[in-house]
Amino acid sequence: MKLNKFTPLFLILILLRFSAFSQGITGKGYYQFPINPGQINYLSGNMSELRPNHFHAGLDIKTGGRQGLPIYAAADGYVSRIKASAWGYGNVVYITHLNGTTTVYAHLQSFNKELSQYMKSGQYAAKSFELELFPKPNELKVSKGDVIAYSGNSGSSGGPHLHFEIRDSRQHVLDPLVYGFDEIKDRTAPNVEKIALITLSPDARINGNFGRFEYPVSRVGNTYSIPRNISVKGQIGLEILAYDRLDGAANKNGVPYIEVLRDSALFIRTHINSFSFADTRMLLLHTNYPVSLSGPRYTRMYLMNGNGLPFYTFGGNHKGVIELAEDETSRFDIEFHDAYKNKSSLSFTLKGEKADTLLGTTNYSSGYDGRISLLEKTLVINSKSSRKITDSATVYSNGLIIKLAPAIVGTNKSTYLWDMRKGLPDSVKVDDQIEVLHFKATIPSTEIYQFNERNLTLNFRKNTLYDTLYLKTQQAFNEYNRQEEFTIHEESVPLNGNLEVIYTPLERIENQNKTHVYKIGSNGSKSFIGGTWVGDKIKFQIRNFGTFALAQDTIPPTIRPIMLNSTQVRFVIKDELSGLSSYEVKVNGEWLLMHYDYKQSLIWSDKKDDSPPLKGDLVLKVVDNAGNEKIYQTKL
Ligand SMILES: [Zn+2]
């Protein structure tokens, strides 16, 4: 056997990992701050921050609106991964260190000279701007403090900043703030804005009512309270709206550590200090996703079905579900910690309601005020006015006619409740009006399931859903958008994996190859989904439920030259409906590297350093997602 000359390095690596992690973490000072070292820096995001469909994986370090600031290697190591992309992290460098961790530097404007040349020769070899390479340990070594790149705004970045991560050897992200960088100051304790309580079982009530109720907090210093008498029965969930500010920045960051004590004993603790990218979409279960679609992101302090995140510690078998005995009183004390051990606390008391107090008595608004809505597994049917206890609603389900007594009689409305586990209601009669509900099937969350109706097939895989789905579908001509639209359930229910859809349009489509599926926004906007035609059916994948329609794109992209000379060419390229799919520049038949920034619709050339000036015939070809082509030709 030939001994690899790097074997000793691996041994050192293993030894270092043992010593490093047996002490908890590699101590303060192992990593240097990657930008403006030795100066006070400000953050616009931390690791536990809750983003629309993921947890933020690192620090967003402000660059004062500027780009081109030098980025330094945080510790000795080698570049193990490097990527250029118009999307996601944009231009990004990964450095693997001797202790087995990896640091990540994203949204870069450009790489240093050595890395630029390394990438550029790769890009010319692959004839692609979009490129990811995994250099070997001996190829691109770096020392702590080396300038590896320059800060920017590339990829899916909403403004110039450096996105910085520290990952362990399994590529799970760690909280960089626990490494104690002197460049970041935080003496500001977390801020608590509100809590919410939600009924989790059909028999549950909060002050006699059913639904989700938000409570503002009173504040004295960093001590918060809820100055309200709250009585509950049945299964109740607690939700929290809180954020952390760091010194010198107004940005609302996440709170990494929240601990709930019930009568002085641990009830539930969430500690966001490490996670895997495979789990990050479960944020949709960690937060109240339906509420977040039109409001802020509350953290659910109870476990939803399908939530496998490793953040939770429970003081019992309750999974965070609160239940109180009749006349029992429980005090809840919640502590909020940031990474710098600043603390806030919130206290409130719940009282167990008598089991026979059936009726709510006050005006109430639950946030589920639509006439008929689904709250988890309970269908909530509101009458338009208060009813008497003898006034029933009628549920028609699978050929059965069921009379429901009101569950709550309020002064301004009454509420009837239907447990969906008893069966799917076809329609409901309330206030002498019949409403058709469009529930079609109960889809299990852990089995393969095919749903079919006349021109729609849905293929659920084992991991498509997080929880049992009471599927609704609807097809109709939308008068306002003037098109046939089909709705697959509701945006507010998150999908875990892709769902395959096969749709047969009601009318024959003439121009199939230019016709694709688009998702229809609430304002009627169309975003490209795609799809493949098989005969008269189109097959496509969706990541979110919602409303869809077919649309035809026959208009090619547009090209506008901005700069044309012997050192560089620049163009603005755009497409109206389906969006850009590819672009390519050739000069005298030779492929020319073009960088792409979708935010500015801009492409610009980057010729090989030793290549002659750009001269001769230039051809730019741009193609959209519907296959429409535009060609621009000129002589340089
Ligand atoms: Zn970021």
Side-chain angles (χ1 to χ4, degrees), residues 31-37 41-74 81-95 101-111 132 148-168 171-179 181 183-184 186 243-256 272-284 286-287 292 296-297 311 338-339 597-599:
Y31 303 102
Q32 83 153 66
F33 204 65
I35 187 167
N36 296 319
N41 279 260
Y42 302 101
L43 300 184
S44 57
N46 70 349
M47 192 194 96
S48 49
E49 194 180 324
L50 311 170
R51 294 282 171 94
N53 59 8
H54 62 278
F55 294 88
H56 190 237
L59 304 181
D60 282 347
I61 306 165
K62 294 189 177 212
T63 54
R66 289 169 298 163
Q67 301 194 35
L69 307 187
I71 303 300
Y72 304 94
R81 187 172 167 189
I82 181 167
K83 186 175 182 180
S85 175
W87 313 100
Y89 281 6
N91 298 320
V92 53
V93 176
Y94 298 72
I95 298 177
T101 64
T102 299
T103 48
V104 183
Y105 314 78
H107 306 305
L108 302 168
Q109 182 185 54
S110 58
F111 306 118
E132 181 167 30
I148 51 162
Y150 299 91
S151 73
N153 187 32
S154 60
S156 311
S157 165
H161 73 283
L162 173 69
H163 172 99
F164 176 65
E165 289 174 20
I166 302 179
R167 300 183 182 181
D168 69 14
Q171 296 297 309
H172 289 197
V173 294
L174 305 170
D175 186 351
L177 288 183
V178 306
Y179 294 84
F181 294 112
E183 284 82 355
I184 301 293
D186 185 8
Y243 57 87
D244 186 43
R245 277 206 176 112
L246 282 82
D247 291 6
N251 303 75
K252 293 179 176 182
N253 295 308
V255 182
I272 307 177
N273 57 353
S274 174
F275 61 84
S276 125
F277 284 92
D279 291 340
T280 193
R281 190 175 166 85
M282 287 181 196
L283 171 112
L284 304 179
H286 176 77
T287 58
S292 76
R297 258 169 229 115
F311 304 151
D338 63 23
D597 179 358
Y598 74 91
K599 296 185 290 271

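Throughout, numbering of the chain's residues begins at 1 and tracks the sequence. Whatever order the structure lists ligands and atoms in, that order sets their numbers, starting from 1.
Side-chain atoms of Ser276 do not come within 3.5 Å of backbone N or O of His172 as any donor-acceptor pair. Proximity of a side-chain donor or acceptor of His161 to a complementary backbone N or O of Lys62 within less than 3.5 Å is not detected.
Only protein N, O or S atoms were considered, and those under 2.8 Å from the Zn ion (ligand 1) are His56 NE2, Asp60 OD1, His163 ND1.
Defined by atom type and a distance below 3.5 Å, a donor-acceptor pair is missing between the side-chain atoms of Asn153 and His107. Residues Tyr94 and Gln171 have side chains that never bring a donor and an acceptor to within less than 3.5 angstrom of each other.
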Worked verdict on Tyr31 versus Phe164 for ring-ring contact (aromatic ring centres under 6.0 Å, His included) = CA-CA 12 Å; Tyr31 303 102; Phe164 176 65; 7.5 Å; no
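Between Phe55 and Phe275, the angle of the ring planes lies from 30° to 60°, which puts this pair in the tilted group.
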